[in-house]
Amino acid sequence: MKKRLFTFIIGGLTAALIGLMIIQSYWIKNAIMVKEAEFIGGVKRAMERVVFDLEKQERARLMKEWYTRMGYDDSTRMAMVPQMMDPSVFQSIINPNVVLPIEQRINAKTLDSLIGLELQNQGINTEYEFGVFSKNRYVMAIQKTGKYPDQLLNESYSIGLFPNDLVGEVNYLLLYFPHKNRFLISRLWMLLSVSIVLVLIIIFSFGYSLWTIRRQKKLSELKNDFINNMTHEFKTPISTIALACEALNDKDIAGSGEAVSTYVDIIKQENDRLKKMAERILQSASLEKGKLNMKAEEVDMHQVIENAINNIRLQVRNRGGEISLSLNAQEHIVKGDPVHLTNVIYNLLDNANKYSPEAPRIRIETQNTYSELKISVQDRGIGISKANQKKIFDKLYRVPTGNIHNVKGFGLGLGYVKAVVEQHQGRIKLESELQKGTKFDIYLPLLKK
Ligand SMILES: Nc1ncnc2c1ncn2[C@@H]1O[C@H](COP(=O)(O)OP(=O)(O)O)[C@@H](O)[C@H]1O
Ligand SMILES: [Mg+2]
């Protein structure tokens, strides 16, 4: 039920996010359309101005020729020109140029600078290509560069040239903008970039939340396992002690000194076990708070290894296994805490023993590398899969074994090992293959002399 609700919420959130993004892109598209309409308006106004200017210029030229031919001087001419400037006035005078082909009436360079100027006035500063198309002859009479001929015919803005001509050829001015979309988008970059950043922030936060939720869920599962495990492990010694106490209460047994000492021994042993377990858990708690108090003494690691082996040798022998040693390092003194370092080696040996289903064969080797001491602990046990190799150093993590949980543990050992090694400026490496065995390599910096 809870899980379904969770899936439902995630699904709803995802849908809402996608919906928002669609709406957002719709608005952006709208904004681009508005900008495009503005752009088209600007182009149209610029082209109208160009057409008007062309007529004005041609007329001024004709007038000048005419006056010169009539022999007027400059001052008279200046006085007359302004009233003749309006093309509609000029309409009534027969324009002799209408019979000329358009390329002789318009100079490409002049036209280009005129178009450039008018576009600039409309705030349109992107590359353009223009052409003058003669409808009667069906040819492109003038072109700026000769590029984009097809686009110029099919995707351009057009306007009739010399609209006040009464007779003669019909010509069009065509204008094409090869980077129109880029120009429009550049006009909207603020809106676009803010939207993109916002959407990215939302996606990132959403992903991060999902990731955190998943991690928390896993962690709480691990903690559940841990608590079950711990209760289980504490229960056995507690009930053993309870049984022993009951026996000691028995009058018959209380009379026999031998029996009493047996039961007292049992109680002591079980009590030791409880103490060790409590210590291990406390250790990892202090690990979490980040205050493992480390001494910094000169420690002989070969001695440490011997000590650790003494703690576990009996268990290994009882299972028919053996621990072989090859202490090859010439230099084996490091600076550190002897108790924690012993725990490190002991934890590795304990795992090697626990995770070897048959008689454990454990090998410890030391070696000097350039400035480090390398300690390898190798077993021929069940091995660890690649996927799990990354996780086993996490606190509380234990490789899932389905229903069979015959190997006891809290999943605290390797996290502790790694923390201690790293506090000694060392590092730990792992090589393992399923069913073949596992090798942990610890590198510790040697004491400098
Ligand atoms: N030598 C090994 N061979 C196979 N698996 C191992 C070995 N050492 C550790 N593991 C795996 O890594 C897990 C974490 O180890 P550890 O932190 O020591 O926890 P614990 O021993 O309490 O389970 C173990 O549960 C086990 O699955
Ligand atoms: Mg362990």
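Order of appearance sets the numbers: ligands from 1, and atoms from 1 within every ligand. Worth knowing before you read on, the calculation uses all heavy atoms, side chains too, and leaves out hydrogens, waters and symmetry mates.
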State the atoms of ligand 1, each with its element, that fall below the 4.0 Å cut-off from a heavy-atom position in [X].
X	value
Arg398	20 (P), 23 (O), 25 (O)
Gly409	22 (O)
Lys354	20 (P), 21 (O), 22 (O)
Leu412	17 (O), 19 (O)

Q | Any Gly381 heavy atom less than 4.0 Å to ligand 1 | A | no

Q | Side chains of Val334 and Pro445 in contact at under 4.5 Å (non-hydrogen atoms) | A | no

[atom] [closest protein heavy-atom partner, distance rounded to 0.1 Å]:
atom	answer
atom 18 (O) of ligand 1	Asn351 ND2, 2.9 Å
atom 1 (N) of ligand 1	Asp379 OD2, 2.8 Å
atom 19 (O) of ligand 1	Gly411 CA, 3.1 Å
atom 5 (N) of ligand 1	Ile384 CG1, 3.3 Å
atom 12 (O) of ligand 1	Ile392 CG2, 3.3 Å

For Gly131 and Gln143, the nearest pair of non-hydrogen atoms, with its separation, is CA-CG, 4.0 Å

Checking heavy-atom distances from atom 15 (O) of ligand 1 to each of Thr438, Leu414, Ile362, the winner is Leu414

Looking only at non-hydrogen atoms, the one of Phe440, Tyr355, Tyr416, Phe410 nearest atom 26 (C) of ligand 1 is Tyr355

Going by the 4.0 angstrom heavy-atom rule, the piece of Phe393 near ligand 1 is neither

Worksheet item: Under 30°, 30 to 60°, or over 60°: which ring-plane class applies to Tyr416 and His340, parallel, tilted or perpendicular?
Response: tilted

Aromatic rings Tyr138 and Phe133: how do their planes relate, parallel, tilted or perpendicular, breaks at 30° and 60°?
perpendicular

- Cation-pi check, Lys144 to Tyr128: give yes when NZ or CZ is under 6.0 Å from the six-membered ring centre and within 45° of the ring axis, no otherwise. yes

Note to self: Tell me whether Arg427 is salt-bridged to Glu372, with the criterion being a basic N under 4.0 Å from an acidic carboxylate O.
What the structure shows: yes

Given the options Arg45, Glu38, Arg49, Gln122 meets side-chain hydrogen bond (donor to acceptor under 3.5 Å, both in side chains) only with Arg45

Heteroatom proximity flag, [X] to ligand 1, N/O under 3.5 Å:
X	value
Gly415	no
Tyr397	no
Gly413	yes

Let me check your reading of the structure: within less than 2.8 Å of the Mg ion (ligand 2), is there an N/O/S atom from Asn351? yes

The reported gap from CG in Asn136 to CG in Asn171 (rounded to nearest 0.5 angstrom) is 7.0 Å

Output for pair (Phe410 CZ, Leu222 CG), nearest 0.5 Å, gives 14.5 Å

Does a sphere of radius 6.0 Å around NZ in Lys335 hold more than 12 heavy atoms from other residues, nucleotides or ligands, not counting ones at 6.0 Å or beyond? no

- Task: Decide whether Thr366 and His302 meet the rule of one side-chain donor and one side-chain acceptor closer than 3.5 Å.
- Result: yes

